[in-house]
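For reference, the structure discussed in these notes is given below.
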There are 2 protein chains.
Amino acid sequence: MALLSKSCVYGIRAAILMAIKGEKEFISIKDIAEELNLSAHFLTKILQLLTQEGLLISHRGPKGGVKFSRPAKNIKLIEIVAAIDGMELFEECALGLHGCGTATPCPLHEKWAEHKIVLRTLFETENLEKLADNVQDAGLRLRTLSQLDIIEFNNTKMQK
Amino acid sequence: MALLSKSCVYGIRAAILMAIKGEKEFISIKDIAEELNLSAHFLTKILQLLTQEGLLISHRGPKGGVKFSRPAKNIKLIEIVAAIDGMELFEECALGLHGCGTATPCPLHEKWAEHKIVLRTLFETENLEKLADNVQDAGLRLRTLSQLDIIEFNNTKMQK
DNA sequence: TTAATTTAGGATAAAAGAGTCTTTAATACT
DNA sequence: AGTATTAAAGACTCTTTTATCCTAAATTAA
Ligand code: SF4
Ligand code: SF4
């Protein structure tokens, strides 16, 4: 099991890319999808969730696309996760017993309750601007590597 | 998304119950499933994974069942998780980019790499005996509550 | 040896997640 | 007005997870 769903991971990558691209203009989802090496249709669905949550503003037609509804600095990573995967990860018990934490907590309760806070804090302290800056400063990557990219990467390395 | 798959959660619950029941005798999977309110067939499949990993010893026929291959005290929670869900949660990157952590780490890398260790340590320091003791000492529950259970619980509370 | 019990294993079904494709609606530009 | 562009929305497919069911193999006990 991964921590986040694939949809969520794609959404996060897209959001970081958007934060890099700037916040003034609408950015077309197709362009984002191409840069991230994802299906544009699929990404559209995912970003729709963010639009429905009010994190993005969308606009149809030529020059349309999506952009943040507020400065990237004020958008926490956890908001993206919440819109796509929900808050389950940060709120539910590790053993999936419902009615949790009340009268009859499960054996892991104490440890996990403590850890949930740490995890939540991690996602709450990261904002999109900061992540975007990280990416730019360090020349980090967001794109998944296709087989072709890997070959290209290896060739480039050998030429150096 | 939950942290652990349902199969994994069921496996953990079963393992804790087994640790409570004692380690001498074989315990039938059907009995465990009944106590945990799960499908016996499904639980059988899950526990097979633990048997294949060598965590359990199984025995067919009357008086058959499963038991731990070593003292519950020496079985870490992470071993159960690893056998069912694999080590992905503790080893892979949060953003699911493969080729991770090498030349071009993703923007979350540093924070997540640090957090992974904390998470892993949590699952490594919990052993089954300790969890079982917790359950017994505090009268905690392992069983999922059915609608009927909840009604019964409420009635009991009112009578007090 | 026969019958009962219990795990192993495969076939199948149902539900959820991931991904594709087509149509519709809004918008900008000519 | 007409055309191209773009997000929205829904139908549909494929895969994985979850779950059920049936049969086979092993083992105990009478
Ligand atoms: S008691 Fe606590 S740890 Fe256990 S399932 Fe409930 S919330 Fe999770
Ligand atoms: S760079 Fe680090 S955090 Fe990012 S995907 Fe790779 S391992 Fe995960």
Side-chain angles (χ1 to χ4, degrees), chain A residues 1-14 18 25-69 81 83-86 88-89 96 144 146, chain B residues 1-14 18 25-69 81 83-86 88-89 96 144 146:
Chain A
M1 288 278 290
L3 191 75
L4 305 171
S5 71
K6 285 199 165 195
S7 296
C8 190
V9 166
Y10 297 162
I12 292 172
R13 287 190 205 155
M18 284 174 65
E25 307 272 305
F26 285 106
I27 308 166
S28 98
I29 297 177
K30 185 160 147 272
D31 290 352
I32 301 173
E34 265 168 27
E35 287 211 44
L36 295 180
N37 205 20
L38 297 176
S39 145
H41 281 299
F42 192 34
L43 186 59
T44 300
K45 291 220 165 141
I46 296 165
L47 295 187
Q48 268 173 38
L49 294 171
L50 302 185
T51 305
Q52 283 159 16
E53 279 303 308
L55 292 170
L56 300 183
I57 295 167
S58 71
H59 192 71
R60 303 194 211 191
K63 306 236 169 169
V66 288
K67 67 177 180 184
F68 293 118
S69 61
V81 175
I84 300 171
D85 274 356
E88 185 186 348
L89 183 62
T144 47
S146 66
Chain B
M1 289 276 291
L3 191 76
L4 306 171
S5 72
K6 283 196 166 196
S7 295
C8 191
V9 167
Y10 298 163
I12 292 172
R13 286 189 206 156
M18 284 173 64
E25 308 270 306
F26 285 106
I27 308 166
S28 99
I29 297 178
K30 187 161 146 272
D31 290 352
I32 300 174
E34 266 168 25
E35 286 211 42
L36 295 179
N37 205 21
L38 298 176
S39 144
H41 281 298
F42 192 35
L43 187 59
T44 300
K45 294 230 157 121
I46 296 166
L47 295 187
Q48 266 172 39
L49 294 170
L50 302 185
T51 305
Q52 282 159 16
E53 277 304 307
L55 293 170
L56 300 182
I57 296 167
S58 70
H59 192 71
R60 301 193 212 190
K63 305 236 170 169
V66 288
K67 67 177 179 183
F68 293 119
S69 61
V81 175
I84 300 171
D85 274 354
E88 185 185 348
L89 183 62
T144 47
S146 66

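Each chain gets a letter, A, B and so on, in the order its sequence line appears, and its residues count up from 1.
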Could you tell me the separation between the [atom1] atom of [X] and the [atom2] atom of [N], rounded to a whole number of Å?
{"X": "K67(B)", "N": "dT7(C)", "atom1": "NZ", "atom2": "C1'", "answer": "15 Å"}
{"X": "E25(B)", "N": "dT5(C)", "atom1": "CD", "atom2": "P", "answer": "18 Å"}
{"X": "F26(B)", "N": "dT27(D)", "atom1": "CZ", "atom2": "P", "answer": "10 Å"}

Taking atom NZ of K30(B) as the centre, does the number of heavy atoms from other residues, nucleotides or ligands within less than 6.0 Å exceed 12? no
S7(A) side chain to I46(A) main-chain N or O, any donor-acceptor pair under 3.5 Å? no
Between D85(B) and M1(A) (side chain of the first, backbone of the second, donor and acceptor by atom type, cut-off under 3.5 Å), is there such a pair? no
Are any of [X]'s side-chain N or O atoms less than 4.0 Å away from OP1 or OP2 of [N]?
{"X": "S7(B)", "N": "dT18(D)", "answer": "yes"}
{"X": "K6(B)", "N": "dT17(D)", "answer": "no"}
{"X": "Y10(B)", "N": "dA19(D)", "answer": "yes"}

Any side-chain heavy atom of L49(A) within less than 4.5 Å of one from L55(A)? no
Do the side chains of L3(A) and L3(B) get nearer than 4.5 Å, heavy atoms only? yes
Could you check which residues of residues 39-52 of chain B get a heavy atom under 4.0 Å from DNA chain D? Sort them by number, please. S39(B), H41(B), F42(B), K45(B)
Starting from the 5' end of DNA chain D, give me the residue, M1(A) or K63(A), whose nearest nucleotide shows up first. K63(A)
Near DNA chain C, under 4.0 Å by heavy atom, which residues of residues 53-60 of chain B? S58(B), H59(B), R60(B)
